[in-house]
Amino acid sequence: MTGPGAAGAAPKGTEDGRPGPARRLLAWLMAALASVGRSSLHLLASVGQVAIYAGLTVTHMVRPPFYGREFLNALLTIGYFSLPVVGLTALFTGGALALQIYAGGARFSAEAVVPSIVAIGMVRELGPVLGGLMVAGRVAASIAAEIGTMKVTEQIDALVTLSTDPMKYLTVPRVLAATLALPVLVGVGDAIGILGGYLVGITTLDFNAAAYLKNTVDFLETWDVVSGLIKGAAFGFIVALMGCFHGMRSGRGARGVGRATIDAVVSASILILAANFLLTNLFFAA
Amino acid sequence: MIELRDIHKSFGSKHVLRGVDLHVEKGTSMVVIGGSGTGKSVTIRTVLGLVRPDRGQILVDGQDVTLADRDSFLARFGMLFQAGALFDSMPVWQNVAFRLLRGSLRRPREEARAIAIEKLRRVGLKPDVAELYPAELSGGMQKRVALARAIAAEPEIIFFDEPTAGLDPIMSGVINDLIREIVTDMGATTITITHDMTSVRTIADNVAMLHDGIIQWTGPVSRLDHSGNPYLDQFVHGRADGPIEAIR
Ligand SMILES: Nc1ncnc2c1ncn2[C@@H]1O[C@H](COP(=O)(O)OP(=O)(O)OP(=O)(O)O)[C@@H](O)[C@H]1O
Ligand SMILES: [Mg+2]
């Protein structure tokens with residue numbers, strides 16, 4: 001195909017004017033590297049923006065005006081309406097946990113640890129993390145979609161012209177409500193999760209009901225529970241913050257809102273898992 | 001008085017405003033006309049600080065808007081957005097009374113509601129609309145609710161972005177008269193954007209024509225028909241041929 005003049009000149013263009021394979025590969029590599037670099041820079045910039053946004057949110061929380069009605073509304077939608085989701089998640093998780101620990105414990109004749117491990121596992125780790133993730137799916141998405149739509153339809157601009165700061169009116173009530181509601185949700189989830197383990201324990205694993213409960217209570221320390229609730233508060237803050245942040249940054253049109261919703265759920269989930277690791281380290285690392 | 005000096009604004013590579021100069025005297029009605037997509041909405045958004053100009057200065061009563069206290073500055077303004085921008089999470093009357101339910105202009109709830117219903121009446125809407133949600137209204141009704149919201153707190157300066165777009169001729173007449181009345185009786189300063197020449201003639205004290213990113217012509221409405229400006233002439237008479245290209 002290649003003419004004699006082009007022999008040994010692979011990086012040059014071929015006769016039909018298209019770049020040769022080597023040059024194309026090089027261009028592709030450069031583009032790939034550039035894209036990696038670009039997204040890294042983009043990520044760093046986003047981290048900075050999120051940090052600034054979080055700081056702003058916190059400072060606005062302590063300065064009037066406060067929008068009580070918005071706060072109560074947010075408390076209802078974020079807290080109360082998330083109860084079924086969080087409760088069901090905890091129930092099944094507690095049950096599965098009991099089965100797993102029983103099976104695992106049987107390998108070294110330690111089936112008796114089921115009640116205490118279920119309780120500790122639920123309140124310290126699975127209650128807050130799974131509760132946080134479920135709420136991230138539900139709440140971060142709905143906040144981002146709602147605020148994103150408001151952005152796209154100029155409702156945010158309208159708020160500004162009506163002398164209302166969107167940060168105070170939209171972000172603060174939601175973030176505050178989620179931060180306060182999540183510990184309660186996690187507490188309820190903990191109890192239901194332990195109940196799930198208990199039900200499996202006394203029905204399929206032949207535990208004595210009274211002994212199961214005694215074991216649960218005896219080995220559970222206050223700090224186990226409290227640390228989980230603190231995690232819950234942190235996750236609530238993250239979920240609502242990500243919903244608001246991505247909603248406010250939403251691009252134009254329905255596509256922009258869709259994108260913002262995905263970004264909110266993904267970033268909230270990842271941040272929850274990262275924050276969980278950091279908090280666990282902080283609370284329990286020897 | 002509102003004064004725009006040499007306002008420039010680009011979006012990406014698109015140079016929308018290329019040096020807009022505009023003067024609106026206190027208590028007068030300015031109407032801005034110009035082709036679709038020429039930057040009329042962007043122009044009034046810069047005054048409100050919703051869009052930050054790349055260059056230029058905006059003065060309201062001689063004071064640079066970027067230096068003004070934002071809250072007290074915005075408290076003087078009302079704005080009708082081109083697409084209405086009603087809050088879909090609350091009923092119509094709470095939309096209209098939004099300003100009267102919170103902040104420095106706060107009133108008792110019942111009083112705010114009564115004012116909202118009165119403003120709705122002025123834009124030709126019945127009281128039973130008050131309890132509906134914006135999504136339950138027709139496009140033209142939404143526009144009129146948005147108009148009622150813009151005038152509810154009786155601001156000194158009001159911007160109307162296409163107040164009669166999507167309305168029938170009779171309702172357009174009602175709205176045009178209302179805007180005129182707000183200027184003449186209440187002494188408000190207004191900037192109205194419109195494509196409708198009947199509106200221009202009813203509402204305007206002065207007219208400005210925006211094209212290619214600058215104000216091509218400005219003057220009193222009485223000189224609209226013999227301005228001698230080729231851009232304005234083509235626009236006023238709706239001719240396809242002239243200095244303004246049909247595709248832009
Ligand atoms: N936020 C934005 N991002 C990017 N481009 C924008 C933005 N806002 C406006 N533009 C562009 O600026 C130009 C002017 O828009 P503008 O809304 O001011 O037009 P207009 O004169 O009000 O038109 P119409 O009469 O159709 O409402 C348009 O080409 C639009 O694409
Ligand atoms: Mg416009």
Side-chain angles (χ1 to χ4, degrees), chain A residues 56 59-60 63-78 81 139 141-174 177 240 243-244 247-254 256-257 261, chain B residues 11-12 41-42 44-52 65 68-90 94-106 109 134-135 142 145-153 155 157-162:
Chain A
L56 273 178
T59 57
H60 277 284
R63 280 182 298 160
F66 306 109
Y67 294 103
R69 201 177 280 264
E70 307 308 313
F71 170 71
L72 292 178
N73 251 330
L75 211 52
L76 194 70
T77 43
I78 294 171
F81 292 130
V139 171
S142 82
I143 293 180
E146 185 183 5
I147 295 184
T149 306
M150 291 184 73
K151 172 89 187 290
V152 170
T153 55
E154 297 186 322
Q155 292 179 49
I156 305 278
D157 289 336
L159 269 184
V160 172
T161 62
L162 292 166
S163 312
T164 304
D165 184 345
M167 193 79 187
K168 283 193 180 358
Y169 185 76
L170 297 173
T171 305
V172 167
R174 285 167 174 77
C244 295
M248 287 290 192
R249 281 206 330 175
S250 168
R252 311 185 98 190
V257 177
T261 309
Chain B
F11 294 101
S41 298
V42 171
I44 54 175
R45 292 164 72 88
T46 59
V47 179
L48 290 166
L50 299 173
V51 170
R52 191 186 293 271
V65 295
D69 170 58
R70 199 95 177 103
D71 278 342
S72 50
F73 173 76
L74 286 169
R76 302 172 60 192
F77 280 87
M79 165 89 184
L80 165 66
F81 285 85
Q82 187 167 2
L86 294 175
F87 304 123
D88 41 31
S89 60
M90 53 181 80
Q94 289 185 22
N95 263 284
V96 176
F98 192 88
R99 257 212 166 121
L100 309 173
L101 290 170
R102 39 184 79 68
S104 55
L105 297 174
R106 186 176 188 143
R109 227 173 143 72
Q142 289 180 13
V145 172
L147 183 64
R149 181 175 71 183
I151 63 174
I157 305 168
I158 319 177
F159 297 160
F160 301 101
D161 198 343
E162 307 206 358

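All chains are named by letter (A, B, ...) in the order of the sequence lines, taking the proteins before the strands, and each is independently numbered beginning at 1. Just so we're clear, the structure is a prediction, and the values are computed from it rather than from any experiment.
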**Asked** Mind checking whether A:V160 and A:P166 have side chains closer than 4.5 Å, heavy atoms only?
**Response** yes
**Request:** Return the minimal non-hydrogen interatomic distance between A:E70 and B:R102, and the atom names on each side.
**Result:** OE2-NH2, 4.2 Å
**Item:** Atom group of A:S163 that falls short of 4.5 Å from chain B, counting heavy atoms
**Value:** both
**Part of A:L159 lying under 4.5 Å from any heavy atom of chain B** = both
**Prompt:** Distance from A:Q155 atom CD to A:L162 atom CG, nearest 0.5 Å?
**Reply:** 11.0 Å
**Rounded distance (nearest 0.5 Å) linking atom CE of A:M150 with atom OG of A:S250** = 12.0 Å
**Item:** Backbone of B:M90 reached by a side-chain donor or acceptor of B:N95 within 3.5 Å
**Value:**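 Yes, B:N95 side chain to B:M90 backbone: donor-acceptor pair under 3.5 Å.
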Output the option from [options] having the highest count of non-hydrogen pairs under 4.5 Å with chain A.
{"options": "B:F77, B:F98, B:F159", "result": "B:F98"}
{"options": "B:R109, B:M79, B:Q82", "result": "B:R109"}
{"options": "B:D71, B:L86, B:L48", "result": "B:L86"}

